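Source: prediction; values computed, not measured.
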Amino acid sequence: MSALCGTTAGVLGTDELRELVQELAGRTDLWEPLVVCDREHRRYRLLREDDRLDVWVLSWMPGQATGYHDHGESNVALTTLRGAVIERQVRVGTASIERQLVPGAIRSGPAGYIHAVSHDSGAPAVTLHAYSPPLLAVGQYRAGPDGALQRRGKHGRQELLDTTIAEALRR
């Protein structure tokens with residue numbers, strides 16, 4: 001059953017979101033017109049939205065990164081369409097993980113999935129992100145006055161920036 005056809009009722013799980021981003025990755029006619037080269041800001045364009053999900057095309061240039069964040073109540077799946085990005089995850093009691101995501105690579109996670117994504121190669125690198133329910137709120141992790149990470153809630157349609165270390169050094 002194709003997730004693209006909108007035949008699934010309610011919130012989509014990570015397996016359904018993975019299927020959706022894989023299917024949409026092959027639809028260059030849909031996502032290529034949404035690619036933007038902007039050296040100042042990471043650009044994101046809405047590809048699809050309904051009451052169950054939203055799907056975004058993100059364009060990444062050198063130096064652009066999200067910083068650590070979660071997706072609030074939304075499940076997520078993402079795939080790389082062009083170039084490459086780096087995904088980082090902090091692990092407790094073991095080494096953190098850093099993955100290079102190249103075209104065709106798919107990552108997914110449940111609500112609350114915490115990671116950071118940054119440009120690696122390509123001008124621009126392009127990724128496709130699907131969220132269910134629609135991404136209305138995120139948690140951005142920043143260093144507090146004592147250097148400890150703190151979660152700050154943000155609207156899901158605001159640009160996330162990787163300023164955690166820069167903010168901590170200014171204190």
Side-chain angles (χ1 to χ4, degrees), residues 11-14 17-18 21 34-47 49 53-103 105-171:
V11 172
L12 279 69
T14 55
L17 290 172
R18 289 175 70 88
V21 297
L34 302 176
V35 174
V36 178
C37 291
D38 184 339
R39 295 193 185 283
E40 301 299 317
H41 298 280
R42 181 175 40 85
R43 301 298 289 268
Y44 45 98
R45 294 289 184 256
L46 186 62
L47 174 66
E49 176 181 40
L53 70 118
D54 53 4
V55 181
W56 297 85
V57 175
L58 282 69
S59 301
W60 307 77
M61 296 295 284
Q64 296 176 353
T66 64
Y68 283 97
H69 65 281
D70 66 51
H71 304 102
E73 298 298 317
S74 300
N75 298 319
V76 61
L78 66 107
T79 188
T80 302
L81 303 170
R82 184 184 296 161
V85 295
I86 299 292
E87 180 192 43
R88 293 177 178 85
Q89 288 183 297
V90 175
R91 300 289 187 185
V92 176
T94 188
S96 295
I97 295 174
E98 181 174 298
R99 298 176 185 90
Q100 182 187 53
L101 305 180
V102 297
I106 299 175
R107 295 289 301 147
S108 63
Y113 181 78
I114 300 171
H115 68 161
V117 181
S118 60
H119 176 271
D120 186 49
S121 66
V126 181
T127 55
L128 180 75
H129 302 240
Y131 305 97
S132 185
L135 187 63
L136 300 179
V138 298
Q140 179 86 61
Y141 295 85
R142 297 282 190 244
D146 62 355
L149 285 182
Q150 298 176 343
R151 183 184 190 273
R152 295 187 185 155
K154 296 182 84 169
H155 193 282
R157 295 191 177 184
Q158 267 186 298
E159 181 181 15
L160 299 176
L161 301 172
D162 187 8
T163 58
T164 301
I165 293 172
E167 286 177 2
L169 292 176
R170 283 196 298 266
R171 295 187 178 133

Between CG on residue Leu47 and CG on residue Leu128, distance to nearest 0.5 Å: 6.5 Å
Heavy-atom side-chain proximity of Arg39 to Pro62 below 4.5 angstrom: yes
Atom pair CD1/CZ of Ile114 and Arg91 - distance to nearest 0.5 Å: 10.5 Å
Where Arg18 and Ala77 come nearest, the two heavy atoms and their spacing: N-CB, 3.7 Å
Distance (rounded to the nearest 0.5 Å) between Glu98 CD and His115 NE2: 14.0 Å
Ala111 versus Gly72, closest heavy-atom pair with distance: CB-O, 3.5 Å
Note, Asp38 side chain near Met61 side chain (heavy atom, < 4.5 Å): no
Sole candidate of Val55, Asp54, Leu17, Leu78 that passes side-chain contact (heavy atoms from CB on, under 4.5 Å) when paired with Tyr131: Asp54
Donor-acceptor pair, side chain of Ser74 and main chain of Pro133, under 3.5 angstrom: yes
Straight-line distance of Gln100 CD to Ser121 OG, nearest 0.5 Å: 6.0 Å
Polar contact flag, side-chain donor to acceptor under 3.5 angstrom, Ser59-Arg45: no
Atom pair CG/CD of Leu135 and Glu49 - distance to nearest 0.5 Å: 11.0 Å
Leu149 vs Tyr68 side-chain heavy atoms within contact, under 4.5 Å: no
Under 3.5 Å donor-acceptor, Asp120 side chain and Ala84 backbone: no
Beyond-backbone contact of Asn75 with Leu12, side-chain heavy atoms, under 4.5 angstrom: no
Tyr44 and Trp56 aromatic ring geometry - parallel, tilted or perpendicular at 30°/60° bounds: perpendicular
Parallel, tilted or perpendicular: rings of His71 and Tyr113 (30°, 60°): parallel
Side-chain touch Arg99/Gln89, heavy atoms, less than 4.5 angstrom: yes
Separation between CD of Gln64 and CD of Glu40, rounded to the nearest 0.5 Å: 8.5 Å
Partner of Val85 under side-chain contact (heavy atoms from CB on, under 4.5 Å), chosen from Val126, Leu58, Val117, Thr66: Val117
Under 3.5 Å: donor-acceptor pair, side chain of Thr80, backbone of Ala105: no
Minimum side-chain heavy-atom gap Ile106-Val21 below 4.5 Å: yes
